[in-house]
Amino acid sequence: MDERNEKLIKGKERIAQAGHSRKGPAPAAGKLRLPPGQHEVKNWPVLDLGIQPDIPLDKWSLNIEGLVENPKLLTWQDFLALPQVERTADFHCVTTWSRFDNHWQGVAFEAICDLVKPKPEAKFVLFTGFDGYSTNLPLDLAREDAMIVHHWEGQPLEREHGGPVRVVVSKVYAWKGAKWVKDIIFLGEDNPGFWEVRGYSNTADPWTDDRFS
Ligand SMILES: Nc1nc2c(c(=O)[nH]1)N[C@H]1C(S)=C(S)[C@@H](COP(=O)(O)O)O[C@H]1N2
Ligand SMILES: [Mo]
């Protein structure tokens with residue numbers, strides 16, 4: 001019979017016990033926050049379809065329609081008059097980079113719901129961009145996590161990142177956040193967006209490496 005390496009086993013037992021009752025510092029925060037297959041970047045890469053629409057604020061509007069009690073076409077002034085929030089969140093791109101601790105200012109998706117009052121049949125949301133992009137979310141996830149942002153790190157959101165206004169949804173890959181957002185449409189049935197019909201996952205969960213369908 002092979003001799004067990006008792007010394008090795010004891011060593012591993014000790015590690016397990018130490019880990020179990022561990023009260024010391026957690027493993028490096030950066031590691032815990034990085035979803036599988038991602039690496040951290042300090043810059044902020046730009047991804048688009050080759051078009052970066054230029055929308056002056058006096059021409060800008062946000063159309064909110066579909067299964068809602070009060071459809072709205074918001075001007076810039078209307079939009080800024082909505083309750084404003086600040087949030088700090090990570091940003092995970094399917095092309096394997098993540099950017100931590102982005103400071104966003106804007107309007108919570110929930111505030112949009114308070115304004116337009118989704119009907120009970122509304123279960124999904126489709127966002128479109130001024131460049132013709134689109135992406136979809138379950139309504140529950142949008143209510144929980146989506147934000148319509150106009151400032152990043154205290155500065156007006158740059159055009160290349162979707163300014164004047166884009167969507168961010170930190171719990172899913174970044175393609176679920178429409179830059180240059182133009183329409184928010186409440187739907188009873190899911191309507192896959194630009195990348196979702198091109199082989200990207202509809203659920204897009206970074207924590208389960210859920211990139212492609
Ligand atoms: N309108 C619009 N929104 C978009 C895109 C786009 O091409 N057009 N690209 C998506 C993709 S694939 C990603 S990864 C993020 C990139 O955002 P960033 O360029 O600010 O990093 O925007 C998403 N939102
Ligand atoms: Mo992307």
Side-chain angles (χ1 to χ4, degrees), residues 33-57 59-65 74 76 79 87-107 109 112 124-138 141-142 145-185 190-213:
R33 290 171 64 179
L34 205 50
Q38 297 292 107
H39 67 278
E40 187 189 356
V41 297
K42 296 287 188 186
N43 62 329
W44 188 11
V46 172
L47 289 99
D48 55 49
L49 304 176
I51 313 163
Q52 294 182 348
D54 185 8
I55 312 121
L57 296 182
K59 300 261 161 46
W60 182 88
S61 61
L62 178 60
N63 175 50
I64 311 168
E65 61 172 79
L74 302 178
W76 183 247
F79 181 64
R87 288 184 189 163
T88 302
D90 298 346
F91 190 98
H92 307 296
C93 177
V94 70
T95 61
T96 76
W97 56 269
S98 293
R99 194 179 190 288
F100 295 156
D101 285 332
N102 299 278
H103 296 93
W104 304 111
Q105 287 167 255
V107 174
F109 184 84
I112 300 284
F124 297 91
V125 194
L126 183 70
F127 299 88
T128 77
F130 281 96
D131 59 345
Y133 187 77
S134 60
T135 189
N136 55 307
L137 287 176
L141 175 60
D145 194 34
M147 186 171 168
I148 325 295
V149 303
H150 50 72
H151 272 66
W152 173 79
E153 305 303 335
Q155 303 292 326
L157 184 67
E158 285 180 64
R159 177 174 158 192
E160 63 180 7
H161 286 296
V165 174
R166 76 173 296 165
V167 181
V168 289
V169 200
S170 64
K171 291 187 172 169
V172 285
Y173 288 117
W175 85 77
K176 290 285 188 181
K179 296 161 73 164
W180 312 289
V181 62
K182 176 176 172 280
D183 303 287
I184 301 178
I185 307 166
D190 204 4
N191 186 316
F194 185 91
W195 288 121
E196 289 84 2
V197 299
R198 288 172 176 76
Y200 284 67
S201 163
N202 196 34
T203 37
D205 173 19
W207 298 99
T208 56
D209 215 3
D210 173 24
R211 297 169 196 267
F212 307 109
S213 56

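Values in this document were obtained by computation on a predicted structure and should not be read as measured data. Numbering of ligands and ligand atoms starts at 1, following listing order.
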Q: Would you check if D190 and N136 make a side-chain contact, meaning some heavy-atom pair closer than 4.5 Å?
A: yes
(Q) Over 60° means perpendicular and under 30° means parallel, so tell me whether W175 and Y173 are parallel, tilted or perpendicular. (A) parallel
Q.
Parallel, tilted or perpendicular, judged at 30° and 60°: which one describes the rings of W152 and W44?
A. tilted
Q) Using 4.0 Å as the upper bound for N to carboxylate O, is an ion pair formed by K42 and E40? A) yes
Q: Give the protein residues with at least one non-hydrogen atom closer than 4.0 Å to an atom of ligand 1, ordered by chain and number.
A: W44, P45, V46, L47, D48, L49, F91, C93, W97, D131, Y133, H161, R166, A174, W175, G177, A178, K179, W180, W195
Q: Using ring-ring contact (aromatic ring centres under 6.0 Å, His included) as the criterion, list what pairs up with H151, not counting sequence neighbours.
A: none
Q: Could you check D90 against S170 for side chain to side chain donor-acceptor pair (under 3.5 Å), going step by step and ending with a plain yes or no?
A: CA-CA 6 Å; D90 298 346; S170 64; over 6 Å; no
